[in-house]
Amino acid sequence: MNKKLIGNTAWYFVGTVISAILGFISSPILTRVLSTEVYAQYGMITSFTTLVATFVYLGQDEAFMRYFDRRKEPFWSFFWRCIRLPLVLCIIILFLLLEPNHIVLSWVFACDIQNKIAILIAAYISMLVLQRFLMLTARMEERAANYSVSNIATKVMFFAALYVFYFMGQVIALSELVLALMVGVLCALAINLVVVVKVKHGANPEGEDITSKELFSFGVPFAISSTMFWVVPLLEKIIIRDLTNWTVLAIYTSAAIFVTAMGLIKTTVNSIWVPYVYKNYTNETEFKKIFRQVGVSLCWLCLMILAGLIVVRRWVVFIFDSAYYDSMLIAPALVCGACFDLLTCIYSIGINIKKKTQFHIIVPFVQLAISMATLYIGLPRWGLIATGISYLLSIAISRIVQMAIALHYYGIECGYGKLAIMLGIYIAVGTLSCFVSSIQFDILCGLFLIVFGTVIAGKDLYAALAYVLPNEVRE
């Protein structure tokens, strides 16, 4: 078991890092292959299709994960019941996109849209839906290699298709761009179909009878909250731009690269944690002990990352142009916010376990309210610093609300004191580091986080490491 856990962790992490690297190097590649207009349309089409797909899922992807190991019915029956409503919505979207004036698509892409392009976009959204459920099947079956390789293949085949068009002398326009995206998704579908064929298709007599109404009720709150999580950052950037200037917004955007880096860890943790939870949460005596140990250990890991960033922040920002040097002031605050987001993956699982997903809707609205209030109050007074504090407080308070609700329904029995102390440290250090940036402060703060965090984590950290390590190493 330990070897499989370590192997899956390695696959997820390597896959996520490679995907991030491919995303990073895509800009110089695409700017050589695409015209300026089509390159701008590339950004619009990825945002537009992802947003529409988020609507179309209707949270049934989350319901699929929640009940995957608890279902009584055969796999294909369960798979079809989860995916049929999203596919019906894809057909409805096709007809909406084919309306004669193409109002929505013409507004999004700022060009004349033909029926061919509308059909391609609708087909691509449908493929994204199918890809989502096949990749979740790979994740729930703990096929980390398939999951990671298919994710990488999506990006690689997209670039390969674009270069084929390019070397054939084809002028790459919006239609060719969508076709290249479809080629990437088709490759991922082929890789993950192998996993679907190997899934145990028989019924599970000891499983639960799950109605379609229950699947829908469980999933819809995720659709609403996911959509809002797309809306909040957009509104934040508009306010920062309007109340300050483009320079402040650019520095804030550059500092967000550290949040993206934390997202790599979040993706890896989530890919391992979710399948494990749904397989083991019924054994509360054993699972709640591991739940506490994993949570405290992850808090400790985040403190170590934060300590390292604070110590080297004045040098690490040299990856940007010198005009972005002030991003060092808000980088720790943004990472603290990202730490709260990461910890929520662990501690909010009780909402899903107890099927109280309606509470997910509250979180983005709490984040939005705090973000708007802190930006309007702080930006006129502190400028750039206010962006970091606003991000930290809006994420921290909204995620604390989410974790508190989840732990109310499915708690860790003990260890709440450790959790509260560590979360308080994140807020205090993240806020203080925005105002104090001397080298002496950074070094002392880093040492404090390392020593104090390790002392607080204590036995829970040791127990978590002992659980993951191979038996011969543990002994």
Exercise for the section: Side-chain contact test, heavy atoms from C-beta onward, threshold under 4.5 Å: evaluate it for Y391 versus S371 and give yes or no. Expected result: no

Exercise for the section: Go through the structure and list residues passing side-chain contact (heavy atoms from CB on, under 4.5 Å) with I91, not counting sequence neighbours. Expected result: F95

Completion exercise
Value for CE (M140) from CE (M65), rounded to nearest 0.5 Å, stands at 7.0 Å

Exercise for the section: Please name all residues satisfying salt bridge (Lys or Arg N to Asp or Glu O under 4.0 Å) with R399, sequence neighbours left out, ordered by chain then number. Expected result: D341

Practice task
For R314, check salt bridge (Lys or Arg N to Asp or Glu O under 4.0 Å) against everything at least two apart and list the hits.
Solution key: D442

Problem - Pairs involving residues 421-434, ordered by first then second residue, that meet side chain to side chain donor-acceptor pair (under 3.5 Å) (sequence neighbours left out) - result: none

Fill in the blank from the handout: Residue set satisfying side-chain contact (heavy atoms from CB on, under 4.5 Å) with S398, at least two apart, ordered chain then number -> V363, V366, Q367

Problem - Side-chain touch I121/I93, heavy atoms, less than 4.5 angstrom - result: no

Handout entry: Ring centres under 6.0 angstrom apart (Y57, F222)
Key = no

Handout entry: Contacts of V429 that satisfy side-chain contact (heavy atoms from CB on, under 4.5 Å) - sequence neighbours left out
Key = L306, I310, I425, C445, L449

Handout entry: Residues in ring pair (Phe, Tyr, Trp, His ring centres under 6.0 Å) contact with Y124, at least two apart in sequence or another chain
Key = none

Problem - Any L343 side-chain heavy atom under 4.5 Å of I346 side chain - result: no

Exercise for the section: Please work out whether the ring planes of F218 and Y67 are parallel, tilted or perpendicular, with thresholds of 30° and 60°. Expected result: perpendicular

Problem - Ring geometry between F79 and F75 (parallel below 30°, tilted from 30 to 60°, perpendicular above 60°) - result: tilted

Practice task
Starting at CD1 of I351, measure out to OG1 of T344 and round the result to the nearest 0.5 Å.
Solution key: 9.5 Å

Handout entry: Candidates F68, F64, W76 - the one meeting ring pair (Phe, Tyr, Trp, His ring centres under 6.0 Å) with F133
Key = F64

Exercise for the section: State, yes or no, whether a side-chain contact exists between W300 and V296 at a heavy-atom distance under 4.5 Å. Expected result: no

Fill in the blank from the handout: By side-chain contact (heavy atoms from CB on, under 4.5 Å), V277 pairs with (sequence neighbours left out) W273, Y281, F287, I349, I353

Handout entry: Listed once per pair and sorted, the salt bridge (charged side-chain N to carboxylate O under 4.0 Å, His left out) pairs that draw on residues 46-59, sequence neighbours left out
Key = none

Exercise for the section: Using only heavy-atom distances, determine whether the side chains of T374 and S390 contain a donor-acceptor pair under 3.5 Å. Expected result: yes

Exercise for the section: Find the distance between CG (L375) and OG (S394) and round it off to the nearest 0.5 Å. Expected result: 7.5 Å

Practice task
Check whether any side-chain N or O of Q60 sits under 3.5 Å from a backbone N or O of L215 as a donor-acceptor pair, and report yes or no.
Solution key: yes

Handout entry: Min side-chain heavy-atom separation Q131-T154 under 4.5 Å
Key = yes

Completion exercise
The salt bridge (Lys or Arg N to Asp or Glu O under 4.0 Å) partners of K355 (sequence neighbours excluded) come to E208, E214

Problem - pair I305-I265: side-chain heavy atoms closer than 4.5 Å - result: yes

Practice task
Please confirm whether the backbone N or O of A457 pairs with a side-chain atom of K418, one donor and one acceptor, at under 3.5 Å?
Solution key: yes

Handout entry: F159 ring center within less than 6.0 Å of Y163 ring center
Key = no

Problem - With N352, the side-chain hydrogen bond (donor to acceptor under 3.5 Å, both in side chains) member among R66, H360, E62 - result: H360

Problem - Separation of I400 CD1 from S348 OG (nearest 0.5 Å) - result: 13.0 Å

Exercise for the section: Find the distance between CD1 (I83) and CZ (R132) and round it off to the nearest 0.5 Å. Expected result: 11.5 Å

Exercise for the section: Please examine the side chains of L393 and I427, heavy atoms only from C-beta on, and report whether any two atoms are closer than 4.5 Å. Expected result: yes

Handout entry: Partner residues of Y409 under the ring pair (Phe, Tyr, Trp, His ring centres under 6.0 Å) criterion, sequence neighbours left out
Key = F359

Handout entry: T454 side chain reached by M304 side chain, heavy atoms, under 4.5 Å
Key = yes

Problem - Residue pairs, two or more places apart or on separate chains, that pass side chain to side chain donor-acceptor pair (under 3.5 Å) and touch residues 327-338 - result: none

Exercise for the section: Inspect the surroundings of CZ in F365 and state if more than 12 heavy atoms from other residues, nucleotides or ligands are less than 6.0 Å away. Expected result: no

Exercise for the section: Give, for atom CG of L334 and atom SG of C434, the distance between the pair rounded to the nearest 0.5 Å. Expected result: 8.0 Å

